[in-house]
Amino acid sequence: MNEQTLSPNRSGLVVGPLRADFGGQVLTAEDGEAYNGARMAFNAMFDRRPAVIARATCTADVVHALGFARATGLPVAVRGGGHSVAGYSTIEGGLLLDLGPMKAIDVDPEARLVRVQPGVVWGELDRATQQHGLATTGGRMTTTGVAGFTLGSGSGWLERLYGSACDNLLSAEVVTAAGTVVTASESENPDLLWGLRGGGGNFGIVTEFTLRLHPVGPGAYGGLLMYPRSQAPEVLRHVRDFLQSAPREVCGGVLCMFAPPAPFVPPALQGAPIVTVLAAYWGDVETGADALAPLKRLPPAVDLMGPTTYLDIQAITDPGNPPGRRNYWRSELLPDAPDELLDAFIACAAEATSPASTLILGRLGGAFGDVPEDATALGGRAAQWLFHCYAVWTKGDDRRHIAWARATEEALLPWTMTGMALNFMNDIDDTRVRATFGPEKYQRLRDLKRRWDPDNVFAMNQNIPPGS
Ligand SMILES: Cc1cc2nc3c(=O)[nH]c(=O)nc-3n(C[C@H](O)[C@H](O)[C@H](O)COP(=O)(O)OP(=O)(O)OC[C@H]3O[C@@H](n4cnc5c(N)ncnc54)[C@H](O)[C@@H]3O)c2cc1C
């Protein structure tokens, strides 16, 4: 090692030993624009400055970077797609281990399996699997990472038919806190696989996921219907009644939002509060048209529902969710959606403090509920509905927008149940983690953490402290 590799950078950190044996980029503040670009996360609320960013290209890079963090005592944040709304995939003064360059996808159409590296985002994986008419439950935005999404639950448009993403996780290659590489599957370290299915990034760094695939598309029937917000009471009841009895091939929900300034929206409605119905049918396109026809019995102001493709449905919320805005989210599961809940939901939506904010009521049930409660770390299997309160803004007083999201959660609390996946919220403290998993699962997760990460090296996450 030459003298330069051993000299400290401006923050006093000697990064030479990391660079010396690392295949990817190693960036510090000295790298200017490259460093600034690499440190940004989806949620602009977390504008943090890591001491060093290591952009891994392979499992060996991950092992090496983790060893460097241990040797230097740097705290570690792990990044897949960078979408953590709670800011877990960025860190002030620590090591950001960015797995973004690890992009390999290997589809086995005969076995209906895909092996995928942790830098892959859903748009990339969906394109690769759809070439074979296959898919697995994936993110509702093309830029969400496969990694954090799957480990934290993975709720997508296919979940009523094929379960959550974590239910489709068959095995994983994992770099442990000790720097060893192990497999988690039903036959090897099944306890670890159980924890990876919903326990988040607590137990190790996954360097390869094997996911089950299913026949889907490429054609589909679905899309959006839009109504003025004044029609919200009848629209919500109509959609609730329809989705309540719809087959599991139908997914969907309603969004209280503001109409985009798009050419397909009549000028009088642009920027106005609206109710959007989003639904799709997975199967034959003609059958889908018949299955979703009852939704249109309430004539919409904008009808964007018709024959489409799986890939288009997967990208349908992309335009409304650009990176770089401030996000504060609260979400809960619901066993039922009675009229009183719908009225409270509409009243909360009317108080939204930003035109970018959205309140969503989505249908669960189906295959999501077929999985026994104890089979995975992810719970809440009895839920039939869920709500997401997304406060999103660019400028102004954070407190006002955060207060709206918190007040909405508070107002809807009487109709909720525990178990909501922690991927969907900010401000996750120990009480919230315990409540989500319930006392028995929480203890099981703590025991697992003690076995696989006794020193809590992986602490930038929905953290489970090691059991004593
Ligand atoms: C715009 C937007 C849309 C979303 N839509 C959905 C949706 O439809 N359904 C849904 O369920 N969720 C959704 N989410 C939430 C999403 O699932 C989580 O934010 C998830 O963490 C994103 O995964 P990522 O890889 O992009 O996250 P990152 O921010 O990269 O990672 C988040 C955390 O996951 C862990 N992690 C990531 N990669 C690894 C790895 N390889 N090994 C171990 N731990 C790892 C780490 O703890 C990391 O801090 C959405 C989020 C956003 C911002």
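Both ligands and their constituent atoms are indexed starting at 1 by order of listing. None of the values given here were measured: they were computed from a predicted structure.
- The number of heavy atoms from other shown groups lying within 6.0 Å of CD (Glu92) is above 12.
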Could you check ligand 1 for N or O atoms lying under 3.5 Å from protein N or O atoms and list the pairs with distances?
from	atom 1	to	atom 2	distance (Å)
ligand 1	8 (O)	Arg140	N	3.1
ligand 1	8 (O)	Arg140	NH1	3.4
ligand 1	8 (O)	Ser155	O	3.3
ligand 1	9 (N)	Ser155	O	2.6
ligand 1	11 (O)	Ser155	N	2.8
ligand 1	17 (O)	Asn423	ND2	3.2
ligand 1	19 (O)	His83	O	3.1
ligand 1	23 (O)	Phe149	N	3.1
ligand 1	25 (O)	Gly81	N	2.9
ligand 1	25 (O)	Gly148	N	3.0
ligand 1	26 (O)	Gly81	N	3.3
ligand 1	26 (O)	Gly82	N	3.3
ligand 1	26 (O)	His83	N	3.1
ligand 1	26 (O)	Gly145	N	2.9
ligand 1	29 (O)	His83	N	3.1
ligand 1	29 (O)	Ser84	N	2.7
ligand 1	29 (O)	Ser89	OG	2.6
ligand 1	30 (O)	Gly80	N	2.6
ligand 1	30 (O)	Gly81	N	3.1
ligand 1	30 (O)	Gly82	N	2.7
ligand 1	41 (N)	Val206	O	2.9
ligand 1	42 (N)	Val206	N	2.9
ligand 1	47 (O)	Met460	O	3.4
ligand 1	49 (O)	Val78	O	3.1
ligand 1	49 (O)	Tyr88	O	3.3

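- A search for side chain to side chain contact (heavy atoms under 4.5 Å, CB included) contacts involving Ser468 returns nothing, not counting sequence neighbours.
- Taking 4.0 Å as the cut-off between side-chain N and carboxylate O, Arg55 and Asp31 do not count as a salt-bridged pair.
- Within the structure, no pair that satisfies the ring-ring contact (aromatic ring centres under 6.0 Å, His included) test touches residues 43-81, not counting sequence neighbours.
- Residues that satisfy the side chain to side chain contact (heavy atoms under 4.5 Å, CB included) test with Gln244, not counting sequence neighbours, are Arg240, Asp336, Arg363, Trp385.
- Residues Asp374 and Trp194 are not in side-chain contact: their nearest non-hydrogen atoms beyond the backbone lie 4.5 Å or more apart.
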